[in-house]
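Report on the following structure.
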Amino acid sequence: MAALSAKTIKNAFLAQHHPRTRHGTRYNSGFCFRNTRSMHSFQECRLSVADSSAKWLNTTTTPWTSFDKQAVSCNAAQGGSAVSSSEKVDFLKLQNGSDIRGVAVAGVEGEPVNLTEPATEAIAAAFAAWLLNRKEADGLRRLRISVGHDSRISAHKLQNAVTHGITAAGHDILQFGLASTPAMFNSTLTIDERNHLPVDGAIMITASHLPYNRNGLKFFTSDGGLNKADIKDILEHASKIYEESAHGKQQEREDASRGVVNSVDYMSIYASDLVQAVRKSAGGKEKPLEGLHVVVDAGNGAGGFFVDKVLKPLGAVTTGSQFLDPDGLFPNHIPNPEDKTAMKAITEAVLDNKADLGIIFDTDVDRSAAVDSSGRELNRNRLIALMAAIVLEEHPGTTVVTDSVTSDGLTVFIENKLGGKHHRFKRGYKNVIDEAIRLNSIGEESHLAMETSGHGALKENHWLDDGAYLMVKLLNKLAAARTLDSSIGSKVLTDLVEGLEEAAVTVEIRLKIDQNHADLKGGSFRDYGEAVLRHLENAIGKDPNLHKAPKNYEGVRVSGHGGWFLLRLSLHDPVLPLNIEAPSKDDAIKLGLAVLTAVSEFSALDVTALNKFLQQ
C-alpha cells in the first residue's frame, strides 16, 4: 500500500473515532446525535498505518461531528472543513449496478468525497420511503430497519448518517455494528422478537474490496437485494430530499415521533445458525470438527467472527488464523479471494501451520474461497466445480448457473461427470442469481448460482450470496465424512473436483476505451464497445479455426486452438475485458492475435496490454 499523507492519516482517525453504544441499549435517536455535539480532542492517538508499525500522532483539538436540523456534517470527510448539505451531489453517479458506491474519505488525489454524511442521510431516508411504498403502507406506519457495516474507516460516520436519516423520518433502527452483508439480509428473515427481529429492511455499509477511502450501501428486504431500477428510484428520491433539506423545506420531527435506536449483537445470532447447520449435517454431534485444523484469513475485514463464533464451537483447531481484527486500512492485503497476494497469504498460512483447510473471505463476507491441505487453491472454476459436486449429490440433474467467464472444462465436468446442466450466463452476481430464480420460475430446476469472483448463492439459503454459508457447505461435507472416519481431512473435498479439466494458460486483459478520443464522435463508450464486439463477431466468422459459442449471453465467446476467448463490455466501466484460456502459451497467443487483428482499426481502443501479452 502506498504511503499515506498526514492529512489522510488524520481523516482515518476521525472516521474511526465515534461514540460507541453498549449491547442492548435502547435510546431515542436524539441521544446519538445530540451527544456528538460536544467537541472531542485526540492527543497521541495510535493508528496502524499500511506496512509500518503503529505510530503516535499528535494533533491539536479538532471538532468531530456537529448536527443541525437539516443535515449531518462531519469534519473528517473533508479533512477539517465542515460538509454542507448545500453542496451539489450527483446522486445517480453513486449508482454501481444494484449497489451504491462513492468516495467517503478525503486524501487521495483526484478522488473528491461524494458520499458525504448529508448525502447518506438523504439516501437512507429515501430507502425508508421506498420501503413504505413497496409495502403499500401509509405514512403512519413505523418501520424497523437494521444497519451494519464492515471494517472501513468511514463506517461509523456513515452509520450515524443512516441512523439519523431513518429515525428523523420516524422509523426505528437496529444498529448491528461490525457485520457481514449476508447477515444483514438474514436479519429480514430471523424471527426473534426479543431482539426486535425480523426487520422490514436492512442496510449494509460496505464497498467490498475497494480501497480504504471508498464506501457504499447495499439494501435488502426479505425478498433479497434490491435491483438496479430500485436503486435508481431511491437515488432520484434522495436527490429531492437533499435539495429540500438544503433549502430548509424538510421539517424536523419532534422527539416523540422520532424513531428509536437499538443496539443488537446480531452476528452472534447469525453465527449460531451456521453452527447449527454443521451440527445437523453431522447427526447432531456437538463438536463434529474436533481435531480438524482450519485457518481463516479475514483480510482485516468483517469475517473474523468465523473463528470464534463458528469454528471453535464446532471443535476445530484454528491456530494460524490471521488478519482477524478489523482494520479499514487493510494493511496486510486486499480482502479479495480473486487477489493473488491474498490467495498466496492464505496458502502460506495453511502450509506453514500444516492445516487441513484454509478459508478466506472478502471484506463483507459475501465472497469466499478455500485452500486444501496441499496448498491447492479452491477458488474460481474449482470452487464452482466443488459446490456443483456437493449440490448435485443433493439435487441430481439440477442446473448450475454461472457467469460468462467460466471455463469450457467446467461445463464438461458439470454435465459429463456430475450429470448436471451448466447454464453460462452474464457477469454480475445479481445477474447470475436472478437468472437462476428465473429458470426455476419457468420450470427448470436450479439450486446453485455462482460467479468466478466467489459470489455463490443457493436456493436453500434464499438465493443469498453468502461466503460464510458456502464455507459451511464445505464444512458440512467434512463433518459428515468425519463421523465415519475422524482422520479424514480436506482430501474429501479435493476428491470431489477430480477430473476437472483446467487450462495451462489463463489470462484476463483489459482493453480500455478512451472516452475523449475523436473516434467516439460524441457517442457513449457503451455504443463504441458494442461496435467493437459486432465487428469482432463478423471477423470470427471468416476464420475456419475459430467457432463462435452456440449459446452465449454476453460479449463474443469463441473456441479454437484447443482453448477459448471471451471479449465483453464491462458492466460499469469503459473497458472491454478479454479472457483467454488455452492449453499452451502458443495457443493463447493465437487466440489473442485473432482478437487484435479484428479490433485494430478501432483507434479509441487501447490495446497496449494485449500487445504486451503477445510479445512476452
Side-chain angles (χ1 to χ4, degrees), residues 180-186 208-209 224-225 270-271 273-278 280-281 289 292 294-299 301-307 309-311 314 316 335-338 342-343 346 357-372 376-395 398 400-403 406 410 414 418 429-430 432-433 436 446-480 490 492-494 496-497 500:
S180 70
T181 292
M184 297 312 300
F185 166 68
N186 220 56
S208 189
H209 61 281
Y270 166 77
D273 290 341
L274 297 180
V275 170
Q276 292 307 316
V278 179
K280 182 179 179 181
S281 71
L289 301 183
L292 189 74
V294 183
V295 295
V296 173
D297 184 326
F305 77 95
F306 203 78
V307 170
K309 295 182 182 292
V310 178
L311 292 175
L314 293 169
N336 180 4
E338 285 191 289
M343 290 307 297
I346 182 61
L357 184 69
I359 291 173
I360 186 168
F361 297 114
D362 77 336
T363 318
D364 57 327
V365 201
D366 60 358
R367 295 187 296 141
S368 59
V371 174
D372 71 13
R376 188 185 189 198
E377 295 177 2
L378 298 171
N379 62 352
R380 299 186 63 79
N381 286 296
R382 284 180 195 162
L383 183 58
I384 298 174
L386 177 55
M387 288 303 304
I390 292 171
V391 169
L392 278 158
E393 280 184 357
E394 300 166 346
H395 305 282
T398 195
V400 177
V401 181
T402 72
D403 60 338
T406 48
L410 180 66
I414 290 173
L418 301 181
Y429 71 93
K430 197 74 169 64
V432 174
I433 292 170
S446 176
H447 286 267
L448 176 64
M450 280 197 74
E451 261 202 318
T452 48
S453 64
H455 281 287
L458 292 106
K459 184 179 180 181
E460 69 187 53
N461 194 38
H462 312 283
W463 290 118
L464 171 64
D465 53 317
D466 186 342
Y469 193 83
L470 284 188
M471 294 301 103
V472 161
K473 289 293 286 185
L474 304 191
L475 294 176
N476 286 349
K477 193 69 181 175
L478 282 168
S490 62
V492 69
L493 302 178
T494 307
L496 288 175
V497 296
L500 173 66

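Just so we're clear, the structure is a prediction, and the values are computed from it rather than from any experiment. Start at 1 with the first residue, then count along the sequence.
Side chains of Lys280 and Asn476 form no contact here, defined as non-hydrogen atoms less than 4.5 Å apart. Side-chain contact check for Val310 versus Phe305: some heavy-atom pair is nearer than 4.5 Å. Between Val391 and Val400 there is no side-chain heavy-atom pair separated by less than 4.5 Å. You'll find the side chain of Val472 stays beyond 4.5 Å of the side chain of Leu474, heavy atoms only.
Atom-to-atom distance recorded for Ser453:OG and Asp362:CG is 8.5 Å, nearest 0.5 angstrom. How far CG of Leu357 is from CG of Leu475: 7.0 Å, rounded to the nearest 0.5 Å. The distance from atom CG of Asp403 to atom OG1 of Thr452, rounded to the nearest 0.5 Å, is 4.0 Å. Put simply, NE2 on His455 and CG on Leu464 are 11.0 Å apart, with the number rounded to the nearest 0.5 Å. The distance from the CG atom of Leu392 to the CD atom of Glu394 is 9.5 Å, given to the nearest 0.5 Å. Remark: Thr398 OG1 to Glu393 CD distance equals 13.5 Å, nearest 0.5 Å.
Here the shortest heavy-atom pairing between Val401 and Ser446 reads CG2-OG, 3.7 Å. Ala388 approaches Ile414 most closely through the heavy-atom pair CB-CG1, 4.2 Å. Scanning all heavy atoms of the two residues, the minimum distance from Lys309 to Ala271 falls at CB-CB, 3.6 Å. Nearest heavy-atom pair across Leu418 and Ala385 is CD1-O, 4.3 Å. Closest of all the heavy-atom pairs between Ala342 and Asn336 is CB-O, 3.4 Å. The shortest non-hydrogen separation linking Gly467 to Pro182 is N-CG, 4.4 Å.
A salt bridge does not link Arg367 to Glu451: none of the charged side-chain nitrogens sits closer than 4.0 Å to a carboxylate oxygen.
Partners of Ala480 according to the side-chain contact (heavy atoms from CB on, under 4.5 Å) rule, which considers only residues two or more places apart in sequence or in another chain, do not exist here. Listed by chain and residue number, Ser180, Tyr266, Met267, Tyr270 satisfy the side-chain contact (heavy atoms from CB on, under 4.5 Å) test with Ala183 (two or more places apart in sequence, or in another chain). Residues passing the ring pair (Phe, Tyr, Trp, His ring centres under 6.0 Å) test with His395, sequence neighbours excluded: His447. Judged as a ring pair (Phe, Tyr, Trp, His ring centres under 6.0 Å), and not counting sequence neighbours, Tyr469 has no contacts. A search for side-chain contact (heavy atoms from CB on, under 4.5 Å) contacts involving Ser368 returns Phe361, Leu470, Met471, not counting sequence neighbours.
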Going through the distances and angles, do Met343 and Val371 end up as a side-chain contact (heavy atoms from CB on, under 4.5 Å)? CA-CA 8 Å; Met343 290 307 297; Val371 174; 4.0 Å; yes

Checking Met450 against Val432 for the side-chain contact (heavy atoms from CB on, under 4.5 Å) test, could you report, in this order, the C-alpha distance in whole Å, the side-chain angles of both residues, the deciding distance, and whether it holds? CA-CA 7 Å; Met450 280 197 74; Val432 174; 5.8 Å; no

Steps toward side-chain hydrogen bond (donor to acceptor under 3.5 Å, both in side chains) verdict (Asp364, Thr181): CA-CA 6 Å; Asp364 57 327; Thr181 292; 2.5 Å; yes

Check against side-chain contact (heavy atoms from CB on, under 4.5 Å), Phe185 and His462: CA-CA 10 Å; Phe185 166 68; His462 312 283; 3.8 Å; yes

Show your working on side-chain contact (heavy atoms from CB on, under 4.5 Å) between Phe306 and Leu311 and close with a plain yes or no. CA-CA 6 Å; Phe306 203 78; Leu311 292 175; 3.9 Å; yes

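Of the possible donor and acceptor atoms, none in the side chain of Asn379 sits under 3.5 Å from a partner among the backbone N and O of Leu383. The main-chain N or O of Gly299 is found under 3.5 Å from a side-chain atom of Asp297 such that the two form a donor-acceptor pair. Not one N or O on the side chain of Arg382 forms a donor-acceptor pair closer than 3.5 Å with the backbone of Val497. Between the side chain of Asp273 and the main chain of Ala277, no donor-acceptor pair closer than 3.5 Å is present.
For residues 456-471, the pairs satisfying salt bridge (charged side-chain N to carboxylate O under 4.0 Å, His left out) are Glu460-Lys473, with sequence neighbours left out.
Thr494 and Asp372 share a donor-acceptor pair across their side chains, judged by distance under 3.5 Å alone.
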